[in-house]
Trainee: 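The following block contains the structure, expressed as structure tokens.
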Protein chains: 2
Amino acid sequence: MRKLLYIFTCLLLSYKAIAGELNSPNGNFKLKFSLENGKPTYQLDYKNQAIILPSTLGFELVKAQDLLDNFELIAENTDSFDESWKPVWGERSEIRNQYNELLVALNQKGTERKINIRFRLFDDGLGFRYEFPQQDNLQYFVIQSENTQFAMAGDHTAFWIPGDFDTQEYNYNKSRLSEIRSLMQEAITPNASQTQFSPTGVQTSLMMKTDNNLYINLHEAALIDYSCMHLELDDVNFIFQSHLTPDVLGHMAYMQAPTQSPWRTVIASDQAADILQSTLTLNLNEPCAYEDTEWIKPVKYIGVWWEMISGMSSWAYTDLPAVKLGETDYNKTEPNGTHGATNENVRRYIDFAAEHGFDQVLVEGWNEGWEDWFGKSKDYVFDFLTPYPDFDVEALNEYAHSKGVKLMMHHETSGSTRNYERHMDQAYQFMVDHGYNAVKSGYVGNMIPRGETHYGQWMVNHYQYALTKAADYKIMVNAHEAVRPTGLSRTYPNLVGNESARGTEYESFGGNNPDHTTILPFTRLIGGPMDYTPGIFETDISQYNPNNTSYVRSTLARQLALYVTMYSPLQMAADLPQTYEKYMDAFQFIKDVPVDWQETVILEAEPGDYITYARKDKASENWFVGRTNDEEARTSKINFHFLTPGKKYIATVYADQKDAHYKDNPKAYQIKQYQVNSKSKLNQYCAPGGGYAISIMEVTDTSTLKGLKKL
Amino acid sequence: MRKLLYIFTCLLLSYKAIAGELNSPNGNFKLKFSLENGKPTYQLDYKNQAIILPSTLGFELVKAQDLLDNFELIAENTDSFDESWKPVWGERSEIRNQYNELLVALNQKGTERKINIRFRLFDDGLGFRYEFPQQDNLQYFVIQSENTQFAMAGDHTAFWIPGDFDTQEYNYNKSRLSEIRSLMQEAITPNASQTQFSPTGVQTSLMMKTDNNLYINLHEAALIDYSCMHLELDDVNFIFQSHLTPDVLGHMAYMQAPTQSPWRTVIASDQAADILQSTLTLNLNEPCAYEDTEWIKPVKYIGVWWEMISGMSSWAYTDLPAVKLGETDYNKTEPNGTHGATNENVRRYIDFAAEHGFDQVLVEGWNEGWEDWFGKSKDYVFDFLTPYPDFDVEALNEYAHSKGVKLMMHHETSGSTRNYERHMDQAYQFMVDHGYNAVKSGYVGNMIPRGETHYGQWMVNHYQYALTKAADYKIMVNAHEAVRPTGLSRTYPNLVGNESARGTEYESFGGNNPDHTTILPFTRLIGGPMDYTPGIFETDISQYNPNNTSYVRSTLARQLALYVTMYSPLQMAADLPQTYEKYMDAFQFIKDVPVDWQETVILEAEPGDYITYARKDKASENWFVGRTNDEEARTSKINFHFLTPGKKYIATVYADQKDAHYKDNPKAYQIKQYQVNSKSKLNQYCAPGGGYAISIMEVTDTSTLKGLKKL
């Protein structure tokens with residue numbers, strides 16, 4: 001039930017008066033809004049410490065007067081809200097949405113144009129957005145620049161990646177704000193498609209820690225029909241300003257009132273764990289738009305993928321330098337003998353999936369066109385419908401279904417989006433006709449229409465189109481290289497995954513930093529789950545492909561932990577079946593770990609150093625713990641208070657051995673079982689680039705506890 | 001039957017040697033090809049006079065070495081062809097395709113890249129194109145510039161419009177080549193979307209006349225998956241060079257070998273009529289791609305259109321400044337009372353069409369979205385599916401069909417092409433579901449994707465997509481504001497019309513030059529028919545809309561002539577039924593004139609001055625004559641030699657009265673009937689901006705000839 005508290009204050013205020021104040025429900029956050037010389041300004045305190053110093057708001061417009069100053073306050077409303085809702089899938093089965101709201105209605109004198117700013121203060125932070133009501137003097141407008149400031153109170157430590165309109169696939173950098181400029185050049189490692197905009201430009205979500213041990217996160221929520229927000233730092237004054245993604249004409253967004261911007265979010269706490277536990281991003285999104293969500297189900301999968309990523313096999317069926325769909329007769333070409341997606345190989349994966357309880361098998365390289373898919377700016381690159389001669393789509397789907405397994409579709413677009421949209425209905429129907437219900441889509445390379453980038457309004461609109469059209473076909477979407485998520489999964493829960501960050505594949509392209517996964521939950525995952533595709537047991541890629549000397553900066557034990565620490569409703573066991581077969585004892589954890597949770601607890605957290613999660617299976621009383629550790633050896637100290645008092649459990653701990661190391665000795669793992677209850681404690685050694693995973697199964701038959709050490 | 005004559009000559013030639021020669025079948029044209037210092041060069045003579053002086057060929061590429069010089073001749077083939085084919089519709093029922101061909105295969109030394117140039121010499125002129133064969137060293141390439149020269153032998157007189165990547169809707173200018181530069185500024189009149197590129201840039205087809213009374217036309221044929229060609233004049237040396245249409249990155253075309261350019265065409269003769277009669281453009285296109293063409297039928301139509309163009313009524317249902325499809329509830333809005341496409345009004349047009357034998361009624365403004373359709377760069381501007389509340393699509397189609405009439409669909413895209421493509425299948429299916437088989441599409445305003453232009457490769461690809469998809473639904477397409485045609489109707493005969501020039505609507509926007517239609521057949525119509533929409537009887541627009549003081553620069557008699565002189569399988573009687581009802585005697589010609597022909601004869605022709613056509617109905621023995629006249633009073637002198645000797649006919653001559661004038665006295669027409677046969681002659685006065693139309697009906701019952709004067 002919605003409790004409505006209307007305090008209608010109509011104030012005719014002087015320029016310098018404080019226009020509005022707002023507190024969070026528990027009073028920790030205090031927001032102030034004012035018009036300083038007609039400029040809309042806000043500031044935010046947390047427990048009486050400044051999180052955001054006075055910061056201005058507004059827009060520059062194309063061929064129209066700016067919306068930056070000369071404002072007067074027309075009205076000010078406050079409101080409160082407190083409801084709970086249940087996500088279709090997630091880290092918890094119920095989410096409380098509680099906030100206090102301040103809505104300021106402004107009029108720009110002279111132009112008589114109106115703009116509202118809506119502030120919502122939650123116990124975990126602030127969200128605010130601009131709203132452009134229906135009005136005579138502002139109907140169609142084009143945004144040249146959004147000038148939303150986030151003035152920092154000091155030279156904080158930040159975990160950042162370079163601002164870039166085309167990719168997020170960078171290792172994170174940890175530095176003070178003042179050091180960003182000098183570190184930027186080195187931070188820009190090569191990528192298939194990349195476009196930076198400033199030597200102090202960074203992406204969101206941006207994670208920071210102050211010298212006072214406050215944790216601050218900046219991001220956005222509900223990015224729909226707008227341009228993706230980056231941040232540009234004034235590194236003299238430590239003021240961030242929003243920097244949207246331009247289109248090819250240099251315009252940021254095309255708007256028609258009534259409309260609104262996405263929410264700009266500030267999550268803050270003196271506890272790092274609170275950042276991870278924040279539900280603010282989801283809460284700012286609209287409720288689920290679909291009536292029926294029965295068809296949306298979390299998925300655990302394996303796939304014909306890593307063997308291509310590592311270079312063992314190929315996506316392409318032939319080694320022709322170029323092909324033309326519909327003209328190249330693949331029945332007459334010479335197969336290269338290294339094609340991964342063959343009938344025989346896929347059946348092997350299906351058998352493995354069926355034997356070990358996996359839901360789906362992703363198959364990449366199933367369709368005509370992979371010979372010249374990348375780097376050619378090729379318009380008609382795939383048709384998403386025509387398999388290679390050695391991939392029998394009907395027989396393989398039949399085989400999979402007979403074993404209770406589905407195949408997962410793959411739509412690599414190569415960034416050729418007009419081509420994808422032309423084929424989309426047929427491609428989705430093809431999926432339905434053959435029993436697929438989930439697609440991994442990709443946007444590798446520069447965009448077509450040429451001149452557009454991955455993160456502009458044009459492409460944000462495309463990703464949304466692909467997502468909602470998929471829902472018409474009851475298809476779940478896992479969009480790689482798309483714009484990073486902003487909580488849209490609340491409204492469109494068939495968005496079950498994105499990549500939009502540097503994932504496991506980069507372990508084969510030179511390696512991720514050992515602390516990468518101790519940062520991602522604080523940055524990339526704030527907006528939504530990531531299809532990180534962990535589970536690499538053979539970390540030495542040269543074992544698969546002698547020409548590839550890359551290695552995974554992780555111990556085997558930490559790979560197991562990632563199924564808990566990298567929340568996602570889609571989880572892939574990415575390595576090859578034949579490798580898993582050599583480590584079935586460790587693999588057991590992957591088989592056991594669920595992909596949907598009723599509760600999530602943070603046991604330990606420090607961005608860039610370590611995170612320890614505990615999560616409760618949605619469908620049982622079992623709990624799972626995961627710890628990801630940075631490049632330093634550390635001892636994790638946890639207790640099991642989250643367990644139900646009075647219940648007994650068997651904890652199976654998959655951990656690093658004392659001499660494990662992500663580089664020299666990644667496979668040194670050990671598996672120990674203990675009897676645990678809510679009073680148990682554990683000190684567990686974590687190797688450099690290591691960690692541990694624990695499955696905690698409720699015990700009903702206490703005889704199974706016999707001989708187990710108690711924690 | 002194809003007669004093949006192969007003369008294979010493999011010559012290893014020195015740089016300066018003549019590499020190849022070719023004559024037209026009748027020997028009038030002589031082509032020479034050579035490599036001049038490694039540069040491919042061609043020249044063309046007609047009856048031993050230079051039409052094209054030595055001109056170079058080649059390309060500049062993006063990020064790759066140019067294809068301009070360092071070539072050597074690898075091989076040279078000649079061939080001949082002589083076949084006839086029947087078009088689905090056209091100016092004649094059979095077309096002879098006879099040419100001699102020279103194919104030169106070149107290799108660029110050093111880069112070892114191969115390029116072929118294929119020359120076809122017909123009795124009406126030359127076509128040549130570049131071909132890029134499958135090869136190792138040239139697979140994907142991006143054209144920065146196509147440098148095809150057409151070196152003129154002198155300062156010819158040209159009929160030209162400014163080179164422009166977005167529109168052809170200009171009045172023609174007649175001047176010497178040397179004067180183009182000084183006249184350009186004034187030539188660029190305002191347009192909804194326009195982008196010039198050079199003070200000496202012009203569009204094709206370009207019509208010229210030399211001081212030696214040779215007529216020369218430059219154009220292209222078979223523009224598919226390439227960028228539209230303009231010409232840029234070096235006005236010191238009188239050399240034209242191809243200037244393609246760039247994309248937003250400044251690139252002209254993205255290519256993958258094996259592929260080819262469109263054909264570049266040079267039509268020439270000492271008879272102006274030969275230019276009009278040329279079938280070269282069609283002959284260079286591929287044969288019909290469709291197996292079944294039963295569903296493609298020429299159409300005579302009227303429409304709810306001119307009343308909006310003149311300003312009497314509106315496309316929009318309301319006067320709201322802005323709407324949002326799916327959000328604006330039109331059932332709750334206030335209608336403006338001036339909407340054209342209402343049930344009542346459309347039924348009136350249907351009644352008129354049925355009564356007077358018209359096939360279809362075009363209805364513009366039938367669908368939601370017209371309130372803010374233009375100038376807002378609006379993405380989701382139309383859905384092509386949702387009628388306004390006062391347009392009952394089912395009832396109206398039923399009503400029309402009950403009277404043997406169809407409605408004609410209208411798809412104005414506002415240049416928002418991603419939106420159109422997203423809706424296209426549904427929009428076409430909607431047409432099929434409601435009994436439409438023809439659509440007039442429009443691309444008014446700047447393109448979306450923003451930065452693209454109307455004539456770049458991107459949009460050429462879009463128009464082709466819309467056309468071939470329409471064929472899947474057995475739909476005919478009449479695309480306005482699209483790229484000008486290049487003979488594609490041979491291959492895709494459901495392309496029944498384009499606008500792509502300044503049409504009758506501009507008579508309401510300030511007027512066309514009185515000689516406009518004496519030029520268009522020499523320029524715009526070389527590539528294909530134009531939906532010129534003539535038939536305006538009330539030339540004073542202020543009679544419809546007092547605020548519009550524009551008037552049609554034409555007498556009523558010349559409006560009738562246009563149904564013969566402006567060939568099109570789609571012919572509109574564009575004026576309002578209530579106006580036609582006042583001039584039913586004149587209107588009789590429009591009712592009688594067919595839209596499909598078995599034979600076409602030119603009786604008189606001088607570009608910019610006058611043209612007189614005679615055409616024979618495909619379905620009968622009847623002939624129709626039309627004369628369009630420029631701003632000078634003239635006397636047309638024709639004979640009827642084209643009639644079948646021995647047959648008798650009644651000729652009804654609709655002509656200007658002696659005091660007619662397009663400005664002061666446009667409606668002064670007279671109708672006279674005569675008895676004619678193949679020996680008859682006629683001298684007929686034509687007013688300024690005037691002309692005449694003659695229907696010549698075969699007589700079987702000679703009693704009908706009683707009392708008629710003999711010519």
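Each chain gets a letter, A, B and so on, in the order its sequence line appears, and its residues count up from 1.
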Trainee: Salt bridge or not between B/E131 and B/R129? Use side-chain N to carboxylate O under 4.0 Å.
Mentor: yes

Trainee: Return the option, out of A/K378, A/E327, A/Q134, with the maximum number of heavy-atom pairs under 4.5 Å with chain B.
Mentor: A/K378

Trainee: Over 60° means perpendicular and under 30° means parallel, so tell me whether B/F384 and B/Y420 are parallel, tilted or perpendicular.
Mentor: tilted

Trainee: Which residue out of B/E421, B/R418, B/K376, B/Q139 racks up the most heavy-atom pairs below 4.5 Å with chain A?
Mentor: B/R418

Trainee: Does the ring of A/F132 carry A/R113 above it, NZ/CZ under 6.0 angstrom from centre and within 45° of its axis?
Mentor: no

Trainee: Using a cut-off of under 4.5 Å for heavy-atom pairs, which of B/E452, B/Q256, B/R422 has the most such pairs with chain A?
Mentor: B/R422

Trainee: Indicate the ring-plane relationship of B/Y428 and B/H411, choosing parallel, tilted or perpendicular according to the 30° and 60° boundaries.
Mentor: parallel

Trainee: Of all of B/D372, B/D247, B/L249, which one pairs up most often with chain A through heavy atoms under 4.5 Å apart?
Mentor: B/D372

Trainee: Check the orientation of B/Y130 and B/F59. Use parallel for under 30°, tilted for 30 to 60°, and perpendicular for over 60°.
Mentor: perpendicular

Trainee: So for A/H462, is it side chain, backbone, both, or neither that comes closer than 4.5 Å to the heavy atoms of chain B?
Mentor: both

Trainee: Please walk me through it: do A/F141 and A/H251 pass ring pair (Phe, Tyr, Trp, His ring centres under 6.0 Å)?
Mentor: CA-CA 11 Å; A/F141 57 104; A/H251 300 159; over 10 Å; no

Trainee: Can you say whether B/N461 sits under 4.5 Å from chain A via the side chain, the backbone, both, or neither, judging by heavy atoms?
Mentor: both

Trainee: Under a 4.5 Å heavy-atom cut-off, does chain B meet the side chain of A/D379, its backbone, both or neither?
Mentor: side chain

